[in-house]
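Working notes, structure below.
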There are 2 protein chains.
Amino acid sequence: MPTETTTPRQRFEALDEQTQARWLVPAEAEFCEHGFEKASLNRIIARAGESKGRTYHYFADKGALFCATLERRVRQCDFLDQVSEAASAPNATGYWLELGALCARLTKMLQGDDRLASLLRTLHRESAAQQSFAEPLAAIRGAIDDLLVAGQSIGAVRDDLPITLLTEVALNLIATVDRWFALNGSTLSEDAEAALSQRAFLLLMAPLLPSQFTEGISL
Amino acid sequence: MPTETTTPRQRFEALDEQTQARWLVPAEAEFCEHGFEKASLNRIIARAGESKGRTYHYFADKGALFCATLERRVRQCDFLDQVSEAASAPNATGYWLELGALCARLTKMLQGDDRLASLLRTLHRESAAQQSFAEPLAAIRGAIDDLLVAGQSIGAVRDDLPITLLTEVALNLIATVDRWFALNGSTLSEDAEAALSQRAFLLLMAPLLPSQFTEGISL
DNA sequence: ACAGAATTAGACCGGCGGTCTAATCACTGG
DNA sequence: CCAGTGATTAGACCGCCGGTCTAATTCTGT
C-alpha cells in the first residue's frame with residue numbers, strides 16, 4: 001500500500017539552502033550555457049558531484065530542476081509585486097507612465113543580471129521549458145491580465161479584444177524587443193541604446209491603446 | 001584527394017519528385033505530429049522504408065530534412081510574391097488596406113492547410129528549426145524589411161525605430177496572434193472568429209504606425 | 001537491538017542523431 | 001566482355017541522452 005507520502009519537490013524544499021545550491025548552482029550554469037533541451041542532466045549531476053539516484057530523489061525530472069533553478073532567480077526580484085503596484089494608477093497618462101517606468105526597471109534588471117536574462121530568454125524560446133514552468137508562468141499571465149483589466153477600467157487599455165489575447169501580445173512583445181536588444185544592442189552606444197529602449201516602449205503601448213488612437217487610418 | 005564534388009542537398013534535388021516524396025511525406029507527418037526536436041529521424045526512416053545510409057546520402061542531417069519538407073510546402077504558396085505586391089500601394093490608407101487583405105488571405109490559407117500551419121508554428125516555436133531554415137527565413141525577413149521600407153516612404157510606417165526591430169516585431173505579432181487563434185479559436189463561432197481575426201489586425205498595425213498616432217498619450 | 005522506512009549509488013534501459021564499413025551497383029576504357 | 005573505379009547503399013555501431021531499477025546503506029522509532 002504505497003501511499004505516496006512525499007513528493008520529490010517537497011523533499012527538495014525541506015533541504016537547507018546550501019544543500020539545494022549543490023544542484024542549483026551547476027544547473028543554472030548548464031541551463032544558461034545550453035538552454036533547456038540541450039542542457040545535459042548528466043553533466044549537471046557530474047558537475048554537482050551528485051549521483052543519479054539522489055538527484056531523482058529530489059527532482060521528478062529535468063524540467064523540475066529547471067523550474068527550481070528559475071524559481072530561485074525569479075524569487076530574488078519582486079517582479080509580480082511591481083506589476084500589481086503599477087495597476088493602481090488613477091488615469092491613463094499615469095498608467096502608461098508607471099508601465100513605462102516598470103519596463104525601464106525590468107530592462108535595467110535584465111542588463112544587470114545576465115543569468116536571469118539568459119534563463120528567461122530560454123523560457124521564452126523553448127516550449128519544453130514553458131511546460132516545466134507552467135505554474136509560475138500562469139501566475140505571471142494572471143498578473144498581466146489584472147494589470148490590463150485595471151487599465152481598461154480607466155480607459156487606458158482597449159477593450160475590443162479578448163484580454164488573454166492582449167496578454168499574450170504584451171508578453172511576446174516584451175520578449176521580442178528584449179531579444180532584439182540582446183542581439184543588436186552591442187552595435188549601439190550605451191546612450192543610444194537607452195534612448196532606443198525607451199522609444200521601443202511605444203511598440204508595447206501602441207497595440208494595447210484603445211482603438212480610437214489608431215482609427216485615424218483605414219478599416 | 002577527396003574534392004567534395006556533390007553535396008547531399010544537390011543529390012536530393014536531382015531526384016525525381018516521386019522519389020523525393022518517399023522521405024518528404026513521412027517526414028512531414030512526423031514533424032507535424034511531434035515538432036522538430038521531438039521528431040524521430042529513425043521513425044521517419046522506418047516509415048519511409050529507407051535505410052540510414054541512403055537517407056544521410058541525401059540529407060546532411062535532421063535539419064536538412066526539415067528544411068526540405070518545409071520548403072516544399074512554402075513553395076506551393078507564393079507568399080513572398082504576395083508580400084512584394086503589397087508594397088506598391090500609393091498612400092497610407094491603401095497600404096494598410098492591402099496589408100490587411102494580405103493578412104486575411106494568409107489567415108485563410110493557414111486555416112485551410114493544417115500541415116503548413118503546423119510546420120510554420122513549429123518553425124516559430126523551435127529555435128533549432130529556425131536554424132535549419134535560416135536561409136529561407138532570411139529571405140522572408142528581407143521581404144518584410146522591403147515592405148516596411150516601402151511603407152515608410154509613403155508615411156504609412158513609423159521611421160523612428162530600426163527597421164530590423166520593426167520586422168522582428170511584425171513577424172512575432174503575426175505568429176503570436178496566429179497561435180492565440182489556434183489555441184482559442186475553437187471556443188468561438190466561425191463568424192465571431194472571423195470578426196475577431198479582422199480586428200486583431202489592429203494589433204499588428206498599431207505598433208508600426210507613425211508615432212504621431214500614439215503620441216496622444218504620455219512620454 | 002532491530003524491524004521497517006527513507007535514502008543513496010550507479011548499473012542499466014531504450015532511443016536518439018549521427019558515423020563507419022563493407023558490400024553492391026553503374027559506368028568507364030581497353 | 002570484363003576489370004576496375006567511384007558512387008551508392010544497408011545497417012551495425014557509437015557516444016550520449018533522460019529516466020528506471022535494484023540492492024546496499026543509513027536513518028528512525030520502539
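In the text below, chain A, chain B and the rest are named by the order of the sequence lines, each starting its count at 1. Please read all numbers here as calculations on a predicted model, not as lab measurements.
- The CG atom of A:L65 sits 11 Å away from the P atom of D:dG18 (whole-angstrom rounding).
- In this structure, of C:dG18, D:dT20, D:dT8, it is D:dT20 that holds the atom nearest to the side chain of A:Y56.
- At a cut-off of 3.5 Å, with distance as the only test, no side-chain donor of A:Q111 or A:E190 sits close to an acceptor on the other residue.
- Between A:E50 atom CD and C:dT7 atom C1' there is a gap of 12 Å when expressed in whole angstrom units.
- As judged by a 4.0 angstrom heavy-atom cut-off over every strand, A:F59 is placed among residues making no nucleic acid contact.
- In this structure, B:A128 reaches neither bases nor backbone, as no heavy-atom distance under 4.0 Å exists between it and the strands shown.
- The nearest whole Å value for the distance from the NE2 atom in B:H57 to the P atom in C:dA22 is 19 Å.
- Comparing D:dG19, D:dT9, C:dG17 by their closest approach to the side chain of B:S51 singles out D:dT9.
- Proximity note for A:S40 (side chain, C-beta onward) versus C:dG18, D:dG18, D:dT9: the nearest is D:dG18.
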Could you go step by step and tell me if B:L203 and A:L208 meet the side-chain contact (heavy atoms from CB on, under 4.5 Å) rule? CA-CA 8 Å; B:L203 294 175; A:L208 300 179; 5.6 Å; no
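- Between the side chains of B:N184 and B:T187, no donor-acceptor pair is found at a separation under 3.5 Å.
- Distance A:Q10 CD to C:dA6 P: 13 Å, rounded to the nearest Å.
- If you check the side chains of A:R141 and A:T167, you find no donor sitting under 3.5 Å from an acceptor.
- Rounded to an integer number of Å, the gap from A:L41 CG to C:dG15 P is 20 Å.
- When the nucleotides D:dA10, C:dG17, D:dT8 are ranked by their closest atom to the side chain of B:K62, C:dG17 comes out on top.
- Of the candidates D:dA12, D:dT8, C:dA9, D:dA12 carries the atom nearest the B:K52 side chain, counting heavy atoms from C-beta on.
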